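Throughout, protein chains are lettered first and strands after them, A, B, ... in sequence-line order, and every chain is numbered starting at 1. Predicted model only: the values in this text are computed from it and were never measured.
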2 protein chains.
Amino acid sequence: MLPSNKITLKKIAHDLNMSTSTISRALRDNHEINAVTKERILAYARELNFRPDTIARTLRNGKSKTIGVVLSTVENPFYSQVINGIESAAYQSGYNVCITQSHESYDLEKMQVAHLTRNSVDGILMSLAAGTTDTTYLKRIKDAGLPIVFFDNIDQGIDSHKVVADNFKGAFEATSQLLNSGYKNVAFISGPANNSITVERMAGYLKALTQNGIIANEATIKYCMHDGENDCEIENAIDELFLLDNRPDAIFTATDNVSTKVFQSIRRREIQIPDEVALFGFTNSKLAELTFPALSAVHQPGFEMGKKAAEMLLDLIKNNRSNTEYQTVVLPVQLFSRASSGSITILG
Amino acid sequence: MLPSNKITLKKIAHDLNMSTSTISRALRDNHEINAVTKERILAYARELNFRPDTIARTLRNGKSKTIGVVLSTVENPFYSQVINGIESAAYQSGYNVCITQSHESYDLEKMQVAHLTRNSVDGILMSLAAGTTDTTYLKRIKDAGLPIVFFDNIDQGIDSHKVVADNFKGAFEATSQLLNSGYKNVAFISGPANNSITVERMAGYLKALTQNGIIANEATIKYCMHDGENDCEIENAIDELFLLDNRPDAIFTATDNVSTKVFQSIRRREIQIPDEVALFGFTNSKLAELTFPALSAVHQPGFEMGKKAAEMLLDLIKNNRSNTEYQTVVLPVQLFSRASSGSITILG
DNA sequence: TTGAAAGCGCTAACAG
DNA sequence: CTGTTAGCGCTTTCAA
């Protein structure tokens, strides 16, 4: 018996007086192994509680059975729901998930992607950081053969599978509801101007305005370069809006983080919602219905988005398709019209 | 020039007419390499954008420079803050972080730990799942030499570094504040009875009661086996409390998930807070101050806990200490007394 | 049905 | 200062 501090194929082979290849085959249930030999090996492996080393297997096979995820931060409830969707699909297929955060920073995002590729993930799921504008590094990785599926904040430039929420419709409906409730001057606060989600939600917002015969006023459109993570962004945006001659009577906030931060700031300023200013935002927080006043929200299907994106990635990985027809899946959003946008709603 | 689809030491060595060991040494800035050779190698590696394969390096070195994390779910704001603390410490030391979720299930937890060890993490940070009672499998892993640091929901049975919040004090203070505000019959709802956090918070709760000359009533103490994730748990607990002859006029909720779920349920039932029942809970949600009424909360230092736990783990990993004196670090909590416990507070 | 041998990409002991 | 060689734990030809 070889020393038992580390159980390897070699040790089992030695103890059983067989070759490592036989052990390897038996443990993977290879059919060209004698049934009784196989049983003996399995029994002994079980006794030793043997677990094949994933690292060695990965090095040898060139596949890790792990998918990497890059998103801004798990602290955002929407993304934590996405993660649960990803895991559900991955585990189903026997894949592991490695979650990393970009904190909306281009440099961190790049570093995380580098880590993931060097750790041989079989594919990557990602929502771009707010600060990312140049995605050539991703294109290079994808062209080198690593499947990437984008979700939420995507890049229009790279041809690949994508899963997004119906941002346009969500924004259009939210803005329309504010206008229908009688608000005349609806402002817009979002993340960085170039982000796909901002662009789409902005389009929905503008459509609602024009459809109501309103001409958009650039002064009432604010972007937060760091999606509101840099606190002054939010404060400045609100300050500027409230200093306008034609002060907004409602704000549509276009991202989860911006929505809760704006809500918090308005409350801190002791400005009455919705009497002085109405709010309608994008958020997946379960506490939105419990705030005062209850926060009107566009809710994205986080779990479904993660699940769908993971499924598409796994399909790419397993079928090793090179010339696939890439598709973009658009998932429906849900609107919850509550007190913050002037609606009277019963909780629950 | 060897084919360039995969850049390895071997390819660089071939192209430059040197041996792989020279390349390896040069890239790791080994001092016994000629300065000009080193520069040539570095230049060429840079040109090819060479990145050493982590998997191969891990297999060879026996260390992955990655730490694994197991916690219930990232959807819990407290844990997402812990993660950020862990990452901050890990990145500082050049370590990677792999986050996994147990969803409060013993089986899932065990599976995640198995995955992590098979993927050769250098150490594990974990908060036990609510459903975990038997930790012998962890003891075995630890005894085999893998450092493990426990945080939040810990196991008293295993001797190792631990980082926790001052659960006793948080619960004691919260309950005391409810009693000082005039509530006479304070109920208790928490996660599973056996969990360390429940035990400690319960002790703080009981201490506050006895110190106020109150004899604890078992009927007003409720446990949720799945930390409130199984929705009926919360509903049943509340139903039972409200059916008591001596109906509680206040509830101390002892975990983040239970706190928000109980709050939500009470609101849905249209029971007035704090007039009909006051609430004081443990939660790290940033929205707690924005709810109606504002939710009184014991706030745990999530970021600090993650940071400290990671630092202790990294110390264990780097110094490879076998017979360390293990210590348990207790971090202070913060109390935010708000309207839900009868306090009048100004936001912000 | 089994074994021997090569090799995934890297590092380190040992030689020179 | 640089090269040769062996080997981390596994899988896979190829040969028997």
Review point. Separation of B/Leu27 atom CG from D/dT2 atom P, in whole Å?
Key: 13 Å

Point to revise | Between D/dT2 (C1') and B/Asn17 (CG): distance, integer Å | key: 13 Å

Exercise for review: Could you tell me whether B/Leu59 contacts a base, only the sugar-phosphate backbone, or nothing, with contacts defined as non-hydrogen atoms closer than 4.0 Å?
Suggested key: base

Review point. Which whole-number value in Å describes the distance from A/Asn30 CG to C/dT1 P?
Key: 10 Å

Revision key, fill the gap. So salt bridge (Lys or Arg N to Asp or Glu O under 4.0 Å) across residues 59-68 of chain B, not counting sequence neighbours, yields none

Check your understanding: Does a donor on one side chain and an acceptor on the other come within less than 3.5 Å for A/Thr136 and A/Asp134?
Key -> yes

Check your understanding: What is the distance, rounded to the nearest whole Å, between atom CD of A/Glu39 and atom P of C/dT2?
Key -> 13 Å

Check your understanding: Taking NZ, NE, NH1 and NH2 as the nitrogens, is one of them in A/Asp15 or A/Lys11 under 4.0 Å from a carboxylate oxygen of the other?
Key -> yes

**Study point:** Distance, rounded to the nearest Å, where B/Ile23 contributes CD1 and C/dG9 contributes C1'
**Key:** 14 Å

Review point. Without hydrogens or angle criteria, can the side chains of A/Asn153 and A/Ser127 be said to hold a donor-acceptor pair below 3.5 Å?
Key: no

Check your understanding: How many Å lie between CG on A/Asp29 and P on C/dT1, as a whole number?
Key -> 13 Å

Practice item. Indicate, with a heavy-atom threshold strictly under 4.0 Å, whether A/Thr58 touches base, sugar-phosphate, or nothing. Key: nothing

Check your understanding: Does atom NZ of A/Lys307 have more than 12 heavy-atom neighbours, drawn from other residues, nucleotides or ligands, at distances under 6.0 Å?
Key -> no

Practice item. Write down the distance between NZ (A/Lys63) and P (D/dT12), rounded to a whole number of angstrom. Key: 8 Å

**Study point:** Bending between helix ends of the helix from C/dT1-D/dA16 to C/dG16-D/dC1 [5 pairs per end, 10° resolution]
**Key:** 50°

Check your understanding: To the nearest angstrom, how far is B/Met18 atom CE from D/dT4 atom P?
Key -> 13 Å

Practice item. Check the surroundings of atom CD in B/Gln92: do more than 12 heavy atoms from other residues, nucleotides or ligands lie under 6.0 Å from it? Key: no

Check your understanding: Between B/Asp29 and B/Lys38, is the closest basic N to carboxylate O distance under 4.0 Å?
Key -> yes

Review point. Does some side-chain heavy atom of B/Arg51 sit less than 4.5 Å from a side-chain heavy atom of A/Thr117?
Key: no

Review point. Where along nucleotides 10-16 of chain C does protein come under 4.0 Å, by heavy atom, of base (B) or sugar-phosphate alone (S), with - for untouched nucleotides?
Key: BBBB---

Review point. OP1 or OP2 of C/dG3 sitting under 4.0 Å from any side-chain N/O of A/Ser19?
Key: yes

Check your understanding: Can you name the nearest heavy-atom pair linking B/Thr133 to B/Asn194, along with the distance?
Key -> CG2-ND2, 3.5 Å

